[in-house]
Amino acid sequence: MVKFVLNGRKLDITVNGRTVYSIDTYKPAPLMVGKGENAYSMSHGSFKIKEKISEKYYVKITDIASSDESALITTNYGNIQLDIEHKRRLRISFDGFEGLNRMWLTLPALKDECVYGSGEIFSEFNLRGENVNVWVAEHINAAQVTKKLVRQVVGIKNTTRKQAFNKYETYYAQPTFLSSRKYFYHSLTTARSEFNFKDESCHVIKTDEIAPFYIGFGDTFADVMNNLTELIGRQPELPDWVYDGHILGIQGGTDIMMSKIENAVNHGIPVNGAWIQDWEGRRVTAVGKQLFWNWEWDKELYPGLDVKIKELGERGIKVLGYINPFLAVEKPLYKEASEKGYTVKNKDGEDYYVTITTFPAAMVDFTNPDAVEWLKGVIKKNMIDLGLSGWMADFGEYLPTDAVLFSGEDAELVHNTWPARWAQINREAVEEAGKLGEIMFFTRAGFSNTPKYSTMMWCGDNHVDFSIDFGLPSVIPAMLSLSVCGFGLSHSDIGGYTSFFNLKRSEELYMRWCEMNAFTPVMRGHEGLNPDINAQHDASERVLKHGAKYAELHTALKPYLKDAVKENAETGLAVVRPLFFHYDEKEAYNEAYEYLLGRDILVAPVLKQGAVTREVYLPDDLWIHIWSKKEYRGGRHIVSAPIGRIPVFVRKGTEAEKILISE
């Protein structure tokens with residue numbers, strides 16, 4: 001319970017009688033404000049940002065007044081209002097502070113405190129010691145891939161090498177962090193933020209506007225997540241069909257789709273879906289097999305698709321597609337949108353073309369209500385009415401900061417919100433069609449409102465290798481960082497995506513990824529950027545047999561997964577969880593490459609090529625290894641982990657034991 005205690009000119013903020021913060025007029029305020037401007041340079045969604053701070057001042061407190069649930073702090077720049085909401089979180093807002101657009105907030109920290117979040121982070125989980133740039137951008141860029149390819153050509157294949165943290169960008173940025181001290185910080189800013197966790201004694205949060213923020217508390221991490229997601233929103237429960245097997249990643253046309261489905265079924269794979277990302281056509285570029293971004297059924301590539309969708313549906317096999325916020329400039333939808341004034345403009349009033357890989361594309365303007373209705377109509381007519389049961393709602397990161405928007409808003413302040421607006425468009429189209437609970441769309445990018453609009457995240461577009469910062473291992477901290485930000489439903493492309501020249505997917509990598517994804521909410525494949533050089537689900541009899549085994553295992557987990565997804569929808573407690581959510585142990589707070597699936601299943605994916613064993617950290621509990629049936633107590637253990645035997649443990653005496661441990 002949060003309370004204010006005013007002692008003269010000193011305000012103590014207490015939680016359950018414990019003082020967590022003090023504001024004293026006789027001491028420097030924990031807040032600085034100022035003015036600054038950023039210069040942005042964007043290339044293929046990746047940003048270089050140069051900042052110039054012109055003014056920076058300490059805020060001086062002149063008076064403090066409080067009541068039971070609110071406090072007013074008077075300063076030399078304006079008033080700061082503190083309000084207690086539901087007895088468990090603070091809302092801090094500002095009145096005045098005119099002409100200022102920079103704010104530095106200092107929060108006290110402990111030396112051994114851990115912090116997590118800021119969106120989706122692929123390379124780290126505990127962010128203590130880092131300075132995090134909270135800005136939506138392209139996570140994978142050409143420079144990273146080129147450097148890796150060169151290193152491999154000269155014989156350097158160090159999969160444990162990490163790129164410097166300050167070089168990383170992320171698809172999903174959110175001005176939110178969770179502390180091991182059981183509190184969260186969440187800002188309502190839409191501008192760029194920085195979380196500086198480098199100092200042992202304090203955290204410094206900088207926002208590029210004067211914006212309200214929240215600090216919320218809880219007795220347990222479940223309480224904290226309930227508090228946070230009550231504020232930012234939660235994902236709905238998934239359609240029932242999602243749990244019924246493997247969604248195959250397929251492309252190439254109707255005949256290929258049907259052939260691959262039948263082959264998989266004949267090999268015992270429970271197929272619940274076919275994800276055909278090229279349903280609207282594809283183009284082949286110097287980068288790989290990409291898509292024609294015109295959101296209409298390509299009847300030449302997929303003749304009779306409408307009939308096949310119905311036939312497959314009768315067999316319990318759903319068909320999923322693909323869409324993003326861009327429009328191919330060669331195609332009819334772009335012409336229509338451009339003529340109606342529905343596209344983002346440049347400073348000269350022309351359609352703003354953005355280069356994605358090797359080709360330009362225009363963007364629908366989400367600040368134009370008519371454009372939004374038009375795009376929702378495209379989704380409802382061309383995708384939902386066709387019979388698609390879901391789709392990848394890709395991108396959302398590419399709004400240039402110098403774009404001219406219909407609303408007149410500053411594109412720099414809108415940029416971060418773009419993927420959340422994109423998720424909202426998809427969600428509203430599904431709801432307006434009366435299909436929520438039947439359709440699952442999954443998003444790659446995100447910001448603060450994404451948790452309440454998207455139905456599923458996918459952690460893409462990973463390299464097709466075992467590299468710790470971009471390959472299979474990177475998926476785990478990505479899912480965990482999303483979970484502490486309030487997005488509790490996530491998965492990844494089986495086998496990864498980014499493939500080029502000698503960066504190609506092996507059968508081993510595919511099978512290891514398949515093992516991991518069986519223990520996530522959704523089991524879905526992807527052929528990758530260059531399918532012809534990648535091992536696929538049907539690469540060999542061995543791979544097909546392996547896929548059948550793990551798809552059956554995923555299907556067997558259906559009741560367990562449904563309960564965990566329901567819990568996420570009702571309380572905000574994620575399906576894929578960090579170990580420290582339930583175990584107050586030092587190792588649990590720093591474990592980035594294991595996770596809990598729900599409460600009772602611990603998953604430790606194999607992260608190294610050629611490995612046949614895996615060192616596993618088990619928290620203090622009684623665990624059963626699902627393959628050997630051997631019981632383990634807490635601690636570190638070396639377990640056998642050949643291909644087909646991913647280290648997975650269940651808590652003894654739970655429903656999960658009944659599902660995974662056969663008699």
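Note: hydrogens, waters and symmetry copies are ignored here, and every other heavy atom, side chains too, is used.
For Asp563, the side chain to side chain contact (heavy atoms under 4.5 Å, CB included) test picks out no residue, with sequence neighbours left out. Every side chain to side chain contact (heavy atoms under 4.5 Å, CB included) that Glu631 has, sequence neighbours left out, goes to Leu622, Ile624, Lys652.
Between Ile643 atom CD1 and Glu515 atom CD the span is 7.0 Å, to the nearest 0.5 Å. Interatomic distance, Met225 CE to Thr220 OG1, rounded to the nearest 0.5 Å: 11.0 Å. Atom CG of residue Asn263 and atom CG of residue Leu544 lie 5.5 Å apart, to the nearest 0.5 angstrom. Once rounded to the nearest 0.5 Å, the distance linking CD1 of Ile250 with CD of Gln277 reads 11.5 Å. Interatomic distance, CD1 of Ile626 versus CH2 of Trp623, reported as 12.5 Å (0.5 Å rounding). Rounded to the nearest 0.5 Å, atoms CD (Glu591) and OH (Tyr593) are 9.5 Å apart.
For the ring-ring contact (aromatic ring centres under 6.0 Å, His included) criterion with Tyr116, the lone passing option out of Tyr183, Phe184, Phe580, Phe177 is Phe580. Of the options Pro473, Ser474, Ser467, a side chain to side chain contact (heavy atoms under 4.5 Å, CB included) to Asn462 is made by Ser474 and by none of the others. Applying the side chain to side chain contact (heavy atoms under 4.5 Å, CB included) test between Asp600 and each of Ile659, Leu660, Val650, Thr654 identifies Thr654 as the sole match.
Counting only N and O atoms by type, the side chains of Tyr617 and Glu585 include a donor and acceptor under 3.5 Å apart. Judged purely by distance below 3.5 Å, without hydrogens or angles, the side chains of Arg505 and Ser499 never pair a donor atom with an acceptor atom. Of the N and O atoms on the side chains of Glu120 and His139, not one donor lies less than 3.5 Å from an acceptor on the other residue. Side-chain atoms of Gln609 and Thr159 form no donor-acceptor pair, as typed in the model, at a separation below 3.5 Å. Counted by atom type alone, Ser179 and Glu113 present one or more donor-acceptor pairs between their side chains at under 3.5 Å. A donor atom on one side chain and an acceptor atom on the other are not found under 3.5 Å apart for Asn534 and Tyr510.
Proximity of a side-chain donor or acceptor of Arg614 to a complementary backbone N or O of Pro605 within less than 3.5 Å is detected. The backbone N or O of Val115 lies less than 3.5 Å from a partner atom in the side chain of Asn126, making a donor-acceptor pair. Side-chain atoms of Asn517 never come within 3.5 Å of backbone atoms of Met523 as a donor-acceptor pair (strictly under, hydrogens ignored). Distance alone, capped at 3.5 Å, is enough to place a donor-acceptor pair between the Thr571 side chain and the Glu567 backbone. Side-chain N or O atoms of Arg234 include one that pairs as donor or acceptor with a backbone N or O of Glu570 at under 3.5 Å. Looking only at distances, no side-chain donor or acceptor of Glu237 sits under 3.5 Å from a matching main-chain atom of Val565.
The minimum heavy-atom distance between Asn568 and Gly488, with the atom names listed, is OD1-CA, 3.3 Å. In plain terms, the two heavy atoms of Val543 and Gln536 that are nearest each other are CG1-O, 3.5 Å. The shortest non-hydrogen separation linking Asn227 to Phe217 is ND2-O, 3.1 Å.
Using cut-offs of 30° and 60° on the angle between ring planes, the pair Phe441 and Trp391 is parallel.
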Passes side-chain hydrogen bond (donor to acceptor under 3.5 Å, both in side chains), Tyr168 versus Asp469? Steps please. CA-CA 10 Å; Tyr168 277 102; Asp469 51 0; 3.0 Å; yes
Yes or no on salt bridge (charged side-chain N to carboxylate O under 4.0 Å, His left out) for Glu230 and Arg89, after CA distance, side-chain angles and deciding distance? CA-CA 11 Å; Glu230 181 182 82; Arg89 64 176 176 256; 2.9 Å; yes
Given the rule in the side-chain hydrogen bond (donor to acceptor under 3.5 Å, both in side chains) test, do Tyr322 and Asp394 qualify, once you have shown the distances and angles that lead to the verdict? CA-CA 7 Å; Tyr322 175 97; Asp394 204 359; 2.7 Å; yes
Can Asp112 and Arg128 be said to form a salt bridge (charged side-chain N to carboxylate O under 4.0 Å, His left out), step by step? CA-CA 9 Å; Asp112 60 350; Arg128 198 66 192 274; over 6 Å; no
Might you work through the ring pair (Phe, Tyr, Trp, His ring centres under 6.0 Å) test for Phe122 and Tyr172, ending with a clear yes or no? CA-CA 10 Å; Phe122 290 82; Tyr172 188 128; over 10 Å; no
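Both tests pass for Lys182 against the ring of Phe221: distance under 6.0 Å to the centre and angle within 45° of the axis. Relative to the six-membered ring of Phe395, Arg444 meets both conditions, a distance below 6.0 Å and an angle of at most 45° to the axis. Taking the centre and axis of the six-membered ring of Trp627, the NZ or CZ atom of Lys549 falls inside the cone set by 45° and 6.0 Å.
Within the structure, the salt bridge (charged side-chain N to carboxylate O under 4.0 Å, His left out) test picks out the following pairs touching residues 257-277 (sequence neighbours left out): Lys260-Asp538, Glu262-Arg315.
Between Lys318 and Glu438 there is no salt bridge, since none of the side-chain N atoms of the basic residue sits less than 4.0 Å from a carboxylate O of the acidic one.
Remark: aromatic rings of His491 and Phe442 are close, center separation under 6.0 Å.
Open room surrounds CG on Asp255; 12 or fewer heavy atoms of other groups in view lie less than 6.0 Å from it.
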